[in-house]
Amino acid sequence: MPSISNPLALIAELTHRCPLHCVYCSNPQELQSRATELSTADWSRVFREAADLGVLQADLTGGEPLARPDTVELVRAARTAGLYVNLITSGLPLDEARLDALIDAGLDHFQLSFQGSTAEIAEEISGSKTHAQKLRVLDWLKSRRVAVTLNFVIHRRNIAQIGQMLAIAEASSASRVEFANVQYYGWALVNRAALLPTRNQLDDSLVILKQAQERLLGKIRVEYVVPDYYARYPKACMGGWGRKLLLVTPNGEALPCHAARVIPGLPFENVKGCSLRDIWETSDAFQKFRGQDWMQEPCRSCDRRGMDFGGCRCQALLLTGDAAATDPVCTLSPRRAKVDAIVAGVNEGMLSVNSEKTNWIYRLNA
Amino acid sequence: MTDTSATLDPQSKPRLAPGCRLNNDGKEPRTLLMPERALRLQGPSLEIIERCDGQHTVEQIISELQEIYSKAAPEKVAQDILGYLKLLHDQRALDFQ
Ligand code: SF4
Ligand code: SF4
């Protein structure tokens, strides 16, 4: 039996409702409806159970967490339970009074997501006119005492804007800026051919990001995630299955990662019928890929297995059909050729990457 | 906020940056919570952080810890504290007023 550590963070997907329609949204294609969402009291209990289990941080996310009328109460409940409270939001629906109420309720960290550095790109990617509101929110944040992170999701259409995105961060009160390349699950997978950057784009962006890290040391923490399709080894998805994180969906299902529902035959417990501790320590879903016993070769005998835990189970399933296989982005995987072919498809015949007309498939609303 | 990228001004007063705080009501283990990070504190690191309240100057923090750790060489204590404060500054956990 693998040893079980405490989870450190709870990802609370408060709702799948969202006024945006981002083409890379990590929400599942089958969105959970408002009618099935957990109540304020349910979430408050989940936060207390999480704190008892050793969780330090709550990430209130969605969908758009502000789409719920009780977000302020939920911030207060998480903070009262003893958690550090992060809100990950697109910045609407929000006005100054609600922002003050969130901060008064104990919000520690405001993470504002951007779709680009200009209104045009933001509108193309999110299928909504919301960029101007984000800039307003940044202005409001300047006079308030809360940590601010700007989250930019990076892909082929906006990777050339990283310099301008940094300028937005530098003009704001952000102490941290995150450039996360799209991960290919959910809606991003269906739009992958248009989202995956080219090798040249990626290399150029890394030069800019490394310079910015040095230049902004002590002013803004610049963090980035490269697309794993271009990496030699996979990332330690979620810090390892059932090791550090757990996610609760709007209707109360507890998952080891965002995409876990794609794995067939994995039963997920609901927080309405089960304590978070039981789910974390004993449920089949969390035990399934915990530790190393489930691994196949080449992971089973690889020195890196304690670092990356064989990569992402959902990606293994989506690209190889076997959730227990080595993540095929790993260059040691016998199925890496599949990823190489996808990467080659993007890099060949991609001379005018930004002039083509893209047929995006937009995320629907819940 | 003064720029501390070169050296820390001994008269400046460090204070935890917005969104950086100790965990609630003395719950063990004491932990410094900040965006996407948590630092476990014990001994000197906790004593330093508890004095980053916008009231103590860097100089005062150093002399108070030199008293607590009177067996250690005072210059070593001062060096360690300056190094630790610089590290937290670079992580954006401290502002200096
Ligand atoms: S549509 Fe965009 S803003 Fe809304 S949840 Fe998805 S990624 Fe976030
Ligand atoms: S073989 Fe498995 S453990 Fe080794 S680097 Fe690749 S994914 Fe990681």
Side-chain angles (χ1 to χ4, degrees), chain A residues 6-9 11 47-48 51-52 54-59 78-88 102-103 106-112 141-151 169 172-178 180 213-223 225 239 244-245, chain B residues 1-42 45-46 48-50 52-55 58 61 81-97:
Chain A
N6 289 337
L8 296 176
I11 301 166
F47 295 143
R48 287 193 300 273
D52 284 345
V55 167
L56 296 174
Q57 304 218 359
D59 292 348
R79 180 69 189 254
T80 308
L83 301 174
Y84 182 93
V85 189
N86 302 284
L87 182 74
I88 299 143
L102 289 164
I103 294 170
L107 180 65
D108 288 294
H109 180 201
F110 192 100
Q111 303 202 45
L112 185 60
L141 285 166
K142 278 186 186 161
S143 56
R144 288 167 170 89
R145 209 176 149 75
V146 64
V148 176
T149 288
L150 306 194
N151 293 338
S172 77
S173 57
S175 60
R176 188 168 162 273
V177 56
E178 190 179 295
Q213 264 180 341
E214 276 173 40
R215 185 168 57 82
L216 296 171
L217 182 69
K219 297 194 181 78
I220 301 180
R221 264 163 65 191
V222 178
E223 293 175 6
V225 183
K244 293 190 166 164
L245 304 169
Chain B
M1 201 172 77
T2 46
D3 182 15
T4 50
S5 47
T7 44
L8 294 175
D9 174 358
Q11 298 310 319
S12 65
K13 297 173 178 166
R15 177 187 180 197
L16 288 176
C20 300
R21 62 177 172 90
L22 286 166
N23 57 343
N24 285 9
D25 26 273
K27 213 164 120 190
E28 295 294 333
R30 302 309 303 279
T31 306
L32 178 61
L33 299 169
M34 56 178 131
E36 306 293 311
R37 236 165 249 189
L39 268 183
R40 227 170 237 201
L41 303 174
Q42 51 195 181
S45 59
L46 179 59
I48 295 170
I49 294 294
E50 282 177 334
C52 291
D53 52 5
Q55 309 290 321
V58 171
I61 297 177
I81 294 173
L82 290 172
Y84 193 59
L85 292 176
K86 170 81 167 71
L87 183 94
L88 290 173
H89 169 262
D90 289 348
Q91 301 215 350
R92 291 299 285 107
L94 289 179
D95 289 335
F96 290 78
Q97 292 154 336

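Worth knowing before you read on, the calculation uses all heavy atoms, side chains too, and leaves out hydrogens, waters and symmetry mates. Numbered from 1 within each chain, the chains take letters A, B, ... in sequence-line order.
In this structure, A/Tyr84 contributes its side chain and B/Gly19 its backbone to a donor-acceptor pair below 3.5 Å. Panel note: side chain A/Arg221, backbone B/Pro35; a donor-acceptor pair is recorded below 3.5 Å.
Between A/Arg176 and the choices B/Arg92, B/Met34, B/Glu36, the side chain to side chain contact (heavy atoms under 4.5 Å, CB included) rule is met once, by B/Glu36.
A/Glu214 CD: 12 or fewer foreign heavy atoms inside a 6.0 Å radius. Within a 6.0 Å sphere centred on CZ of B/Arg40, heavy atoms belonging to other residues, nucleotides or ligands number 12 at most. Residue A/Gln213 qualifies as enclosed at atom CD: its count of foreign heavy atoms under 6.0 Å is above 12.
Summarising the geometry, atom CG belonging to B/Asn23 is positioned 11.0 Å from atom CG belonging to A/Leu83; distances are rounded to the nearest 0.5 Å. The distance from the CG atom of A/Leu8 to the CZ atom of B/Arg37 is 14.0 Å, given to the nearest 0.5 Å. Going from atom CG of B/Leu33 over to atom NE2 of A/His109 covers 12.5 Å, rounded to the nearest 0.5 Å.
Closest non-hydrogen pair, A/Arg145 versus B/Ala17, comes out as NH2-C, 3.8 Å. Contact record, B/Ala38 with A/Leu56: CB-CD1, 3.7 Å, taken as the closest heavy-atom pair.
Contact of B/Leu87 with chain A is not made at all, since no heavy-atom distance falls under 4.5 Å. Looking at A/Arg144, there are no atoms closer than 4.5 Å to chain B (heavy atoms on both sides), in backbone or side chain.
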